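Take a look at the structure below.
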2 protein chains.
Amino acid sequence: MSQDLGLIVRHLLWSTNREFFGSLQEEGISFSQLKCLGLLAEADSELSLGGLSDETGLSLPAISRAVDGLVQRGEVKRTEDPRDRRSKLLRVTARGQSTYERLASVRAAGVRRFVEDLEPQERDALGSALHPIIERLSL
Amino acid sequence: MSQDLGLIVRHLLWSTNREFFGSLQEEGISFSQLKCLGLLAEADSELSLGGLSDETGLSLPAISRAVDGLVQRGEVKRTEDPRDRRSKLLRVTARGQSTYERLASVRAAGVRRFVEDLEPQERDALGSALHPIIERLSL
DNA sequence: TATTGTTATACTCTATAACTATA
DNA sequence: TATAGTTATAGAGTATAACAATA
């Protein structure tokens with residue numbers, strides 16, 4: 001069962017990999033920058049550089065450089081934490097949010113194609129199975 | 001509905017991202033090498049370097065270098081195509097297959113944890129919905 | 001002194017261009 | 001001449017180490 005879910009996930013990923021990484025390159029956004037942008041776009045509150053480093057597993061210098069590029073492009077806003085001036089608070093701008101959604105939409109389109117190609121009863125059963133899970137976990 | 005599936009996929013990915021890329025680094029395998037290894041491990045027949053370049057969207061030199069590293073580590077076998085000696089045929093070795101499965105298992109473990117944390121009726125419904133799809137598509 | 005983040009440096013990876021071998 | 005792949009080179013990205021600023 002978890003194997004079946006794994007197969008679906010892998011299929012959805014690989015079917016859009018080429019287009020997705022092509023889009024990244026066209027946008028001029030590195031994979032590390034995407035990870036930062038994604039975490040910031042999903043985050044409820046502001047994150048520090050160290051927080052991003054922890055969540056991504058990337059080194060602090062790498063994060064610093066990646067974020068610096070995002071700030072210069074206006075995708076992320078970086079301000080001093082007034083309570084600890086060593087620390088910087090990061091949050092996505094409207095532009096950053098839109099960039100992230102544009103990139104995510106490539107993956108989303110692959111999922112949509114997959115769902116459209118299901119048999120009606122397959123689609124209904126999958127939808128009915130997924131929805132309560134999404135609701136309960138607040139994904 | 002396709003949105004729900006997209007949310008699940010994203011959740012499964014991000015929940016294992018840190019550990020997955022950490023494993024890659026520990027194994028000394030680059031992301032491009034992973035793409036090559038994955039395509040070769042799933043492929044029914046042998047692939048050429050140009051074929052890998054097409055499928056990944058990476059440049060031919062990048063593929064050439066990535067595969068060269070895999071060949072030197074014994075993960076991939078590279079032979080001349082007897083029908084066109086310009087072309088090389090690639091296939092994973094037993095070692096390469098095992099390396100790929102070891103890496104994929106990090107993602108698989110995340111999926112397994114997710115499934116274990118479902119309510120029994122959620123798990124049953126999802127399993128019943130997924131299985132016929134897997135069967136029909138021969139994933 | 002400890003911590004947060006930046007800068008310096010060396011290494012890896014990639015793309016474009018130039019090249020080799022085969023067709 | 002065209003195609004498959006390799007080698008050369010320059011640029012981007014990363015990690016470790018050294019540093020600056022704040023706690």
Side-chain angles (χ1 to χ4, degrees), chain A residues 17-18 20-40 45-73 75-91 103, chain B residues 17-18 20-40 45-73 75-91 103:
Chain A
N17 252 358
R18 203 208 142 125
F20 181 66
F21 288 104
S23 302
L24 266 184
Q25 201 162 342
E26 279 171 31
E27 293 268 4
I29 292 213
S30 74
F31 197 37
S32 298
Q33 285 176 322
L34 174 73
K35 289 177 187 167
C36 294
L37 204 52
L39 284 167
L40 291 170
S45 61
E46 292 170 310
L47 282 172
S48 67
L49 288 162
L52 275 183
S53 177
D54 287 343
E55 299 246 28
T56 58
L58 293 169
S59 71
L60 200 46
I63 293 292
S64 180
R65 290 248 146 80
V67 166
D68 195 59
L70 292 171
V71 169
Q72 285 181 26
R73 290 171 46 125
E75 317 273 359
V76 167
K77 190 165 177 192
R78 179 178 49 192
T79 58
E80 243 180 18
D81 185 340
R83 290 167 310 178
D84 180 347
R85 293 178 47 219
R86 290 173 304 182
S87 184
K88 312 276 168 83
L89 297 177
L90 307 169
R91 68 163 184 276
L103 289 166
Chain B
N17 251 359
R18 201 207 144 127
F20 181 66
F21 287 105
S23 302
L24 266 186
Q25 200 162 342
E26 279 171 32
E27 293 270 3
I29 292 212
S30 75
F31 196 38
S32 297
Q33 285 176 321
L34 174 73
K35 290 178 187 167
C36 294
L37 204 51
L39 284 166
L40 291 170
S45 61
E46 293 170 309
L47 282 172
S48 67
L49 287 160
L52 275 183
S53 177
D54 287 343
E55 299 245 30
T56 59
L58 293 168
S59 70
L60 199 45
I63 293 292
S64 179
R65 290 249 144 81
V67 166
D68 195 58
L70 292 172
V71 169
Q72 285 181 26
R73 289 170 46 124
E75 317 273 359
V76 167
K77 190 165 175 192
R78 179 179 48 193
T79 58
E80 243 180 19
D81 184 340
R83 289 168 311 178
D84 181 348
R85 291 179 48 221
R86 292 172 304 179
S87 184
K88 312 277 167 82
L89 297 177
L90 306 169
R91 69 164 184 276
L103 289 166

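All chains are named by letter (A, B, ...) in the order of the sequence lines, taking the proteins before the strands, and each is independently numbered beginning at 1. Owing to the predicted nature of the structure, the values given are computational and were not obtained by experimental measurement.
Here the CD atom belonging to Glu46(A) is positioned 9.5 Å from the CG atom belonging to Leu40(A), to the nearest 0.5 angstrom. Rounding to the nearest 0.5 angstrom, the gap separating the CG atom in Leu90(A) from the CG atom in Leu49(A) is 4.5 Å.
Minimum atom distance to the side chain of Ser48(B) is reached by dG5(D), of the listed dA8(C), dG5(C), dG5(D). Among the nucleotides dT9(C), dG5(C), dA21(C), the one closest to the side chain of Lys88(A) is dG5(C). Of all nucleotides listed (dA2(D), dT7(D), dT6(C)), dT7(D) comes nearest to the side chain of Ser64(B). Checked against dA23(C), dG5(C), dT6(C), the side chain of Asp84(B) finds its nearest nucleotide in dA23(C).
Mapping Gln33(A) and Ser87(B) onto DNA chain D by nearest heavy atom places Ser87(B) closer to the 5' end of the strand. Along DNA chain C, the nucleotide nearest Gln25(A) and the nucleotide nearest Pro61(A) are compared for position; the residue whose nucleotide lies closer to the 5' end is Pro61(A).
Separating the CG atom of Asp81(B) from the P atom of dA21(C) is a distance of 19 Å, rounded to the nearest angstrom. The distance between atom CZ of Phe21(B) and atom P of dG13(D), rounded to the nearest whole Å, is 16 Å. In this structure, Arg65(B) places its CZ atom 10 Å from C1' of dT9(D), rounding to the nearest Å. A straight line from CD1 of Ile63(A) to C1' of dT16(D) spans 16 Å, rounded to a whole angstrom. Rounded to a whole Å, the CG atom of Asp68(B) is 12 Å from the P atom of dC13(C). Put simply, CG on Leu60(B) is 16 Å from P on dA18(C), counting in whole angstrom units. Remark: P of dA12(D) and CD1 of Ile29(A) are 16 Å apart, rounded to the nearest angstrom. Here dT4(C) presents its C1' atom at 15 Å from CZ of Arg83(A), a figure rounded to the nearest Å.
The neighbour count for Arg91(A) CZ, taken as heavy atoms of other residues, nucleotides or ligands under 6.0 Å away, does not exceed 12.
Salt bridge absent: Arg18(A) and Asp54(B) never bring a charged side-chain N and a carboxylate O closer than 4.0 Å.
Side-chain atoms of Arg85(A) stay outside donor-acceptor range of the base of dT22(D), with no qualifying N/O pair under 3.5 Å.
Residue-level contact check: Leu49(A) touches the backbone only, with heavy atoms under 4.0 Å from sugar-phosphate atoms and none from bases. Within 4.0 Å of Glu80(B), counting heavy atoms only, lies no atom of the nucleic acid at all. Residue contacts shown for Ser59(B) include a base, since a base heavy atom lies under 4.0 Å away.
Here Arg78(A) reaches the OP1 or OP2 of dT6(C): one of its side-chain N or O atoms lies under 4.0 Å away.
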Evaluate the criterion side chain to side chain contact (heavy atoms under 4.5 Å, CB included) for residue pair Arg78(A) and Asp68(A); output intermediate values, then yes/no. CA-CA 9 Å; Arg78(A) 179 178 49 192; Asp68(A) 195 59; 3.0 Å; yes

